[in-house]
K.L.:
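Handing you a structure now.
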Amino acid sequence: MFKGRHFLKTCDFSAEELHTLIDFTGELKEKKKRGIPHPYLKGKNLAFLFEKPSTRTRSAFSVAAYDLGAYPEYFGQGDIHLGVKESTEDTAKVLGSMYDGIEFRGYHQKDVETLAENANVPIWNGLTNEWHPTQMIADFYTLKENWGILEGKTLTYIGDARNNVAHDLLVTGAILGVNVHICAPKSLQPNEEIQALAKQYAAQHQSDLLITDDVAQAIYHTDAIYTDVWFSMGEDHSVLESRINQLLPYQVNEQMLINTMNPEVIVLHCLPAFHDVNTQVGQQIYETYGLTEMEITDDVFKGKHAVIFNQAENRLHSIKAIMAVTLGDLF
Ligand code: CP
Ligand code: NVA
């Protein structure tokens with residue numbers, strides 16, 4: 001079912017396969033909590049390539065590798081010749097001859113695909129400009145952990161809806177039978193191609209999709225609210241002023257939670273988040289625009305509806321599940 005496959009984007013997998021990964025995430029979480037060893041990748045050598053920074057994804061891949069009995073090696077931007085003095089294709093051939101599996105976080109989906117075409121070992125996408133598939137397994141596992149089921153529930157994403165996370169939630173939710181509402185100003189709504197893809201899956205899996213700029217309509221009776229940063233890694237900071245002006249009405253705050261009319265609503269964020277001024281960028285934004293919070297207010301971020309840090313922990317268990325099934329002898 002999974003052995004030897006790459007994990008480049010969730011829509012390469014069937015709904016059944018994604019559900020298997022989500023459920024296996026839960027099994028591995030349980031094993032870890034109970035201290036039951038699970039060395040499914042004993043003795044394997046793994047290469048983790050990061051062109052962009054990372055806290056969660058990098059930590060999750062590393063800790064998961066050790067828990068699975070494998071040996072991780074981290075390569076940051078500038079550590080190897082990749083893309084500068086050596087093509088992605090040649091790098092893939094070399095790394096694939098030495099390592100048993102390779103993670104890549106970077107800019108272009110094309111690069112992770114080139115690695116997959118040439119490395120002859122499983123390639124795992126740790127985020128590109130286009131997709132964030134390991135995040136999706138953690139997120140939908142987190143939703144299932146809270147809701148008990150996925151099918152028929154409603155997830156509302158609000159904010160910059162042209163980015164990797166928004167696109168992936170729309171498509172992955174549609175495959176999994178989750179109703180996905182996307183709420184953003186028209187110019188920041190998912191691109192046409194992604195909308196068309198999601199609509200195809202939604203028709204197959206009975207998911208209702210709504211793409212709107214109307215906040216009240218998008219959040220009414222929703223089961224979860226999800227937001228992400230207003231400018232993503234690799235975007236020029238010059239977009240910031242217009243993003244702030246466009247997205248302030250879409251900030252996740254207490255009043256928005258009240259307006260859902262759902263006292264059980266949960267709040268997710270893939271992190272990192274701008275909910276205070278305790279970061280260099282947060283401080284610069286405060287000095288320039290007078291804002292102390294952006295996509296989510298500090299009270300909601302720290303409030304009782306938020307499941308954000310559990311969601312972050314679940315990156316470990318889900319990435320472990322993905323590596324174990326594609327490289328191990330499990331399924
Ligand atoms: N959510 C996420 O991918 O976090 P990092 O950028 O820290 O890996
Ligand atoms: N959309 C964000 C997600 C970070 C995990 C980015 O690409 O920067």
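Just follow the structure's listing: the first ligand is 1, and inside any ligand the first atom is 1.
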K.L.:
Out of Asn163, Asn164, Thr128, Thr55, whose heavy atom sits nearest atom 7 (O) of ligand 2?
P.N.:
Asn164
K.L.:
Quick one: look up the protein heavy atom nearest atom 6 (O) of ligand 1 and list residue, atom name and how far away it is.
P.N.:
Arg105 NH1, 2.8 Å
K.L.:
Do Phe75 and Phe50 have ring centres separated by under 6.0 Å?
P.N.:
no
K.L.:
Taking the six-membered ring of Tyr71, is NZ or CZ of Lys44 closer than 6.0 Å to its centre and within 45° of its axis?
P.N.:
no
K.L.:
Can you confirm whether the side chains of Asp168 and Thr172 place a donor and an acceptor under 3.5 Å from each other?
P.N.:
yes
K.L.:
State whether the shortest distance between N or O atoms of Gln135 and N or O atoms of ligand 1 falls below 3.5 angstrom.
P.N.:
yes
K.L.:
For atom 8 (O) of ligand 2, what's the nearest protein heavy atom and its distance?
P.N.:
Met233 N, 2.8 Å
K.L.:
I'd like to know if Lys144 and Asp23 make a salt bridge, using a cut-off of under 4.0 Å between side-chain N and carboxylate O.
P.N.:
yes
K.L.:
What protein heavy atom sits nearest atom 4 (O) of ligand 1, and how far off is it?
P.N.:
Arg56 NE, 2.8 Å
K.L.:
Do any N/O atoms on Ser232 end up under 3.5 angstrom from N/O atoms on ligand 2?
P.N.:
yes
K.L.:
So, are Glu235 and Arg243 salt-bridged, with charged N and O less than 4.0 Å apart?
P.N.:
yes
K.L.:
When you measure from atom 7 (O) of ligand 1 to every protein heavy atom, which one gives the shortest distance, and what is it?
P.N.:
Thr55 N, 2.6 Å
K.L.:
Between Glu103 and Arg58, does any side-chain N to carboxylate O distance fall below 4.0 Å?
P.N.:
no
K.L.:
Check this for me: does any side-chain nitrogen of one of Glu193 and Arg162 sit under 4.0 Å from a carboxylate oxygen of the other?
P.N.:
no
K.L.:
Tell me if the aromatic rings of Phe231 and His237 count as close, with their centers under 6.0 Å from one another.
P.N.:
yes
K.L.:
Output the list of atoms in ligand 1 that are nearer than 4.0 Å to some heavy atom of Leu271, sorted by atom number.
P.N.:
1 (N), 2 (C), 4 (O)
K.L.:
Take Glu130 and Lys9 through the salt bridge (charged side-chain N to carboxylate O under 4.0 Å, His left out) test and state the conclusion after the steps.
P.N.:
CA-CA 9 Å; Glu130 287 86 356; Lys9 55 187 191 302; over 6 Å; no
K.L.:
Considering only protein heavy atoms, which is closest to atom 2 (C) of ligand 1, and at what distance to one decimal place?
P.N.:
Arg315 NH1, 3.2 Å
K.L.:
Is there a polar contact, in the sense of an N or O pair closer than 3.5 Å, between Met233 and ligand 1?
P.N.:
no
K.L.:
For ligand 1, which atoms sit closer than 4.0 Å to a heavy atom of Thr57?
P.N.:
2 (C), 3 (O), 5 (P), 8 (O)
K.L.:
Can you sort out which atoms of ligand 2 are near Leu271, meaning under 4.0 Å from one of its heavy atoms?
P.N.:
5 (C)
K.L.:
Does the pair Lys32/Glu27 count as a salt bridge with the N-to-O cut at 4.0 Å?
P.N.:
no
K.L.:
Can you tell me if Leu127 has a non-hydrogen atom under 4.0 Å from ligand 1?
P.N.:
no
K.L.:
List every atom of ligand 2 that sits less than 4.0 Å from any heavy atom of Asp228, numbering the atoms from 1 in the order shown and giving each element.
P.N.:
1 (N), 2 (C), 3 (C)
K.L.:
Could you check whether any heavy atom of Lys52 sits closer than 4.0 Å to an atom of ligand 1, since that is the contact criterion I want to use?
P.N.:
no
